[in-house]
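Within every chain, numbering begins at 1; the chains are lettered A, B, ... in the order of the sequence lines, protein sequences first and strands thereafter. As the structure is a computational prediction, the values presented were derived from the model and not from experiment.
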Protein chains: 2
Amino acid sequence: MSLTTTPPLADMATDTAADTGSQHIRDTLRDAIVERRLAPGTKLSESDVGELFNVSRTLVRAALQALSYEGLVSVEKNRGAFVAHPSIDEARQIFATRRLIEPGVVRAAAPHIGKAELAELRRMLAAERQLTEQRGHSARRAEIKASGDFHLALADLSRNAILRRFMDELIARSSLVIALYGQSTVSSCGHNEHDEIVNALERGDVDTAAKLMVHHIDHIEADLDLRVHKSTDLKAALEL
Amino acid sequence: MSLTTTPPLADMATDTAADTGSQHIRDTLRDAIVERRLAPGTKLSESDVGELFNVSRTLVRAALQALSYEGLVSVEKNRGAFVAHPSIDEARQIFATRRLIEPGVVRAAAPHIGKAELAELRRMLAAERQLTEQRGHSARRAEIKASGDFHLALADLSRNAILRRFMDELIARSSLVIALYGQSTVSSCGHNEHDEIVNALERGDVDTAAKLMVHHIDHIEADLDLRVHKSTDLKAALEL
DNA sequence: TTTCCTTAAATCGTACCCGATTTAAGGACG
DNA sequence: CGTCCTTAAATCGGGTACGATTTAAGGAAA
């Protein structure tokens, strides 16, 4: 658990934000979950987490509740909190929602994309591609995050805070789903579909960009194994 | 405050739900906010609320944090929680997001609408219309809720829990926005646009239904006064 | 040895408490 | 008479404590 070794990660810029303390815990835990350092189903004991962060259960509870609302952890009454373990059905719903929302995100973002924004997107793509070529676990995790960050960058450009929050949740939960049901060793967001989307945006072809986004999401979902294991109860228990 | 007089409202069916206690507080507060019994900007003191529910501040804090995450209350560090007071900009974002999502909700719901579901929708519309014809504050509040419930019923029919949650938040916040910026005494969801949407759905014309939904949202937003008051700071202070 | 029951450990739910911060009040000074 | 400063009240942030619930362990009976 490298969580303990995260001392001065800087909680700067907590200007308009929330209650300082739990914020840090929440963010750290979320990163750990999204980057798959914490496997789905892992128990997040309030006392344990509190010890890791050197805080009381009070703050941990607040953080866990927030993460629960984001769908990243599931709290079971009198049993504790666990890293979420989305069902096949939830996985489908997540991607259905993304297919519904993300084309709109692209359309909403398009008008706000100028030279500077385009450059920033390109920079992200370059970093992403570089990670794809690297080997090793940490590179893989970084790639997952980078891939999601692209989608979130687009959401940012929509200048719509609510949309951005929705996307935040969808991307985070997608990461969990991919961790659970992803099969191909291929990068989560394959090929260079991101590039093509940016290309379309650059030449002002918003319709195509939106269409490409839908296809892109289709491809991500297609890379998953969402077949229902009939022996769910039995087999699932054995797998964990 | 009829809040106190809510003793055995039954917290039944807390099967898969959350932490019993704060859940009840959260729901009660949310209803009060959505139905405009609590005006935007109203301070929600932890001690006061706790006294009303006969619980400690601990539970109240949890409830307020949850509502904060839903955007219904805003908590300011070291100052307390207040019923959210969405800015003009937020209001626009909320409706922009609804325009983006709700047509998709209609499309997602359509395949699941059979005879029974249609009847249920019609039943809701009838109840809504009946409220429209009544006079008085309580009828007005009930109408607001009923109007939102229609949109939520559609979200339910999409059989997509995530989408449903997003809609939950959007509808709740819309209610706040209408409370703040609504001008016409006309019902929040005017005329019988809801009926037309259902009609389109009944004859299987999903495209039209989706289009009608967008127009419907446009109309709701058009009924608002979203002009920026240049004297925001001064005037807003006087209005409350 | 397997099953069931009893008992102990661990963990959660929630009340209570204290230090820190904000807000309001009251006076002194200009 | 209005501004600024000091001081007290109210309120929040976060920690600790205790009862309740769950889970695991150990032993008795079949």
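- Of the candidates D:dG15, C:dT11, C:dA15, the closest approach to any side-chain atom of B:T58 belongs to C:dA15.
- Between the P atom of D:dA10 and the CD atom of B:E76 lies a distance of 21 Å, rounded to the nearest Å.
- At whole-Å resolution of the value, CG in B:D48 and C1' in D:dA10 are 10 Å apart.
- Note on A:E35 versus A:R141: no salt bridge recorded, every NZ/NE/NH1/NH2 to OD/OE distance being 4.0 Å or above.
- For the pair A:E46 CD and D:dT16 P, the interatomic distance rounds to 15 Å; values are reported in whole Å.
- D:dG14 atom P lies 11 Å from atom CD of A:Q23, rounded to whole Å.
- In this view, A:D156 and A:R164 satisfy the side chain to side chain contact (heavy atoms under 4.5 Å, CB included) rule, not counting sequence neighbours.
- Put simply, CG on A:L64 is 14 Å from P on C:dT11, counting in whole angstrom units.
- Here the CG atom belonging to B:L170 is positioned 9.5 Å from the CG atom belonging to B:L152, to the nearest 0.5 angstrom.
- For A:F95, the ring pair (Phe, Tyr, Trp, His ring centres under 6.0 Å) test picks out no residue, with sequence neighbours left out.
- Partners of B:S56 under the side-chain hydrogen bond (donor to acceptor under 3.5 Å, both in side chains) rule, at least two apart in sequence or in another chain, are B:T58.
- Listed by chain and number, the residues in a side-chain hydrogen bond (donor to acceptor under 3.5 Å, both in side chains) with A:E221 are A:R99 (sequence neighbours excluded).
- With rounding to whole Å, B:H24 atom NE2 is found 18 Å from C:dG13 atom P.
- Between D:dG13 and B:R61, a contact under 4.0 Å exists linking OP1 or OP2 to a side-chain N or O.
- An angle of 0°, rounded to 10°, separates the two end axes of the helix from C:dT1-D:dA30 to C:dG30-D:dC1, each defined over five pairs.
- B:Y69 meets the side chain to side chain contact (heavy atoms under 4.5 Å, CB included) test with A:Y69, A:E70, A:R165; sequence neighbours excluded.
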Collect all protein-nucleotide pairs involving nucleotides 17-21 of chain C in which both atoms are nitrogen or oxygen and the distance is under 3.5 Å.
none

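- The nucleotide whose nearest atom lies closest to any side-chain atom of A:R79 is, among D:dT23, C:dC12, D:dC12, D:dT23.
- Looking at residues two or more places apart in sequence or on another chain, you find a side-chain hydrogen bond (donor to acceptor under 3.5 Å, both in side chains) between A:D89 and A:Q93.
- Looking at residues two or more places apart in sequence or on another chain, you find a side-chain hydrogen bond (donor to acceptor under 3.5 Å, both in side chains) between A:R79 and A:E76.
- Here C:dG13 presents its P atom at 14 Å from CD1 of B:I25, a figure rounded to the nearest Å.
- Counting to the nearest Å, the C1' atom of D:dC12 and the NZ atom of B:K43 are 8 Å from each other.
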